[in-house]
Amino acid sequence: MTIRWPRWARCRRAIASTACPVGAAACISFAGALALVASPDAIAQSGYPNRPIKLVVPYPPGALTDLLARAIGDRLSANLRQPVIVDNKPGAGTLVGAEFVAKQPADGYTLLMATSTTLGISPALYRPSPIDPVRDFAPISQVGSVNFFLIASPAFPAKNVHEMIDAIRKSPGKYNYGSVGSGSPHHLFMEMLKSELGLDFQHVPYKGTPAALTDLLTGAIQVMFADATIAIPNIQAGKVTALGTSAAKQSTLLPGVPPVAATVPGFDWQAWQGIVAPAGTPPEIVARLSVELHKIQTTSEFKDQLVRFGMEPFAPQTPEQFAATIAAERVQWAKAIKDSGAKVD
């Protein structure tokens, strides 16, 4: 069977530009079928992988995404029988690492541990952006998500989202919320809640979660969104009040905390992590990596490790599903940044 790769390349570029001559759905279907048909023979011929793979992390060592990348890298290395080397390249809201990967050969040997910040927030925040999330990358698989907890100072007169809304409406301009910086998920989630409900309370940006948490505990700020590693220990110790979670789906980490969406229907925000390759990476390599990542994601050992990281286990996605997520969220994040007036700190 002869496979004419130029047709796939044209379809791929067309999908990215939403101008596929036969329709995006048909192109995506063709892409998926092509990967499945081509994978075994093409991979055997190429011998992929036959040398070490670099997994670029656009965050510093020790950050949550770095820990996740190393957990995946160890398992992927064992499955592929080649070293997977984690390479940290932080900077410019994760765009330094993303730009580096986008410019590498599309051969499956340089991958990016991307996040919703990398392919959603930062390209809309840093203008002009050095990357295009859709044009410059071949999505492989989403591997995890972070459900943020809306927490409050014990002195704040609210024990749930409904009471928080009432308190802010009764005293407009009186209360403050904290975040780890302008344009961060913590900031944008709250701005979307403010915008949807017409609430009047002020944003106080910090340079890190510890500083924001300190002010929350002392009552200098009243509420904030925080990731599970910060929120859960303080909720369990009774130091903060858990009001809700950012994702509409019930959290598996603290099932007793209801989603914000239980009070504000449609509110559904979370941060995700996933792996992408440079655009143009052969579909049989993308398919191979996707299969190997899915094997990792479905093990109870890996799911348990995600929970220890304060993350929600995530059902495996096909490359096409992940591509659709990136494209849709790109629009949502751009609107959130525009509506909030977020600027680079």
Side-chain angles (χ1 to χ4, degrees), residues 52-73 84-106 109-140 142-146 148 178-189 191 203 205-212 225-227 229-230 270-279 281 309-311 322 326 329-330 332-334 336-338 340-345:
I53 296 170
K54 181 180 290 187
L55 178 56
V56 174
V57 176
Y59 291 86
L64 172 62
T65 304
D66 174 70
L67 296 176
L68 178 61
R70 293 177 190 278
I72 290 173
V84 175
I85 302 167
V86 173
D87 185 9
N88 298 90
K89 293 186 181 297
T94 76
L95 294 181
V96 168
E99 183 180 17
F100 172 82
V101 173
K103 293 180 177 179
Q104 298 307 300
Y109 288 99
T110 306
L111 309 175
L112 175 68
M113 190 73 202
T115 66
S116 47
T117 294
T118 310
L119 300 184
I121 296 174
S122 289
L125 195 60
Y126 289 77
R127 307 301 300 175
S129 172
I131 64 158
D132 182 297
V134 174
R135 179 196 66 210
D136 293 338
F137 300 100
I140 297 172
Q142 191 170 337
V143 294
S145 65
V146 178
F148 286 69
S179 82
V180 300
S182 180
S184 65
H186 315 63
H187 172 218
L188 297 176
F189 293 171
E191 285 296 320
H203 175 218
Y206 293 84
K207 291 299 183 182
T209 302
F225 276 108
D227 64 64
T229 56
I230 295 295
Q270 57 190 312
W272 52 257
Q273 293 81 13
I275 294 180
V276 300
T281 298
F309 288 161
M311 299 176 63
F322 189 24
I326 293 170
E329 288 201 359
R330 180 188 189 189
Q332 293 173 337
W333 287 116
I337 288 167
K338 180 179 179 181
S340 69
K343 305 291 183 183
V344 177
D345 287 336

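The basis for the numbers below is simple: all heavy atoms, side chains too, and nothing from hydrogens, waters or symmetry mates. Index from 1, following the sequence.
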Approximate separation, where rounding is to 0.5 Å, of [X] [atom1] and [Y] [atom2]:
X: L111; Y: Q104; atom1: CG; atom2: CD; result: 11.0 Å
X: K343; Y: Y126; atom1: NZ; atom2: OH; result: 13.5 Å
X: I337; Y: E191; atom1: CD1; atom2: CD; result: 11.5 Å

Examine distances only and state if a side-chain atom of [X] and a backbone atom of [Y] form a donor-acceptor pair shorter than 3.5 Å.
X: D87; Y: K54; value: no
X: T118; Y: T94; value: no
X: S184; Y: H187; value: yes

Open item on the list: If the test is side-chain contact (heavy atoms from CB on, under 4.5 Å), which one of L55, V276, T110 qualifies with V101?
Closed with: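 It is T110, the one option of L55, V276, T110 that forms the side-chain contact (heavy atoms from CB on, under 4.5 Å) with V101.
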TODO: Test L119 against every option in D132, V134, I326 by the side-chain contact (heavy atoms from CB on, under 4.5 Å) rule and name the one that passes.
DONE: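 Answer to the side-chain contact (heavy atoms from CB on, under 4.5 Å) test with L119 among D132, V134, I326: I326.
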So do [Y] and [X] actually touch side chain to side chain, heavy atoms under 4.5 Å?
X: P60; Y: D66; value: no
X: P185; Y: I121; value: yes
X: L125; Y: W333; value: no
X: P133; Y: P123; value: yes
X: M113; Y: I72; value: yes
X: R127; Y: V344; value: no
X: E329; Y: W272; value: yes

Taking all non-hydrogen atoms of both residues into account, name the closest pair between [X] and [Y] and its distance.
X: L188; Y: S340; result: CD2-OG, 3.4 Å
X: Y109; Y: P52; result: CD2-O, 3.4 Å
X: N88; Y: P61; result: ND2-N, 3.6 Å
X: A212; Y: Y206; result: CB-CD1, 3.5 Å
X: I140; Y: F322; result: N-CD2, 3.8 Å
X: T281; Y: P278; result: OG1-O, 2.7 Å

- [ ] Carefully, step by step, assess L64 and M311 under the rule side chain to side chain contact (heavy atoms under 4.5 Å, CB included).
- [x] CA-CA 9 Å; L64 172 62; M311 299 176 63; 3.9 Å; yes
TODO: Go through the side-chain N and O atoms of S145 and Q270 and say whether any donor and acceptor fall under 3.5 Å apart.
DONE: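 A donor-acceptor contact under 3.5 Å links the two side chains.
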Task: Exercise: do S179 and H203 side chains pair donor with acceptor under 3.5 Å - done: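 There is such a pair (donor and acceptor under 3.5 Å, judged by atom type) between the side chains of S179 and H203.
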Task: Test ring pair (Phe, Tyr, Trp, His ring centres under 6.0 Å) applied to F148 - qualifying residues, sequence neighbours left out - done: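 Residues passing ring pair (Phe, Tyr, Trp, His ring centres under 6.0 Å) with F148: H186, F189.
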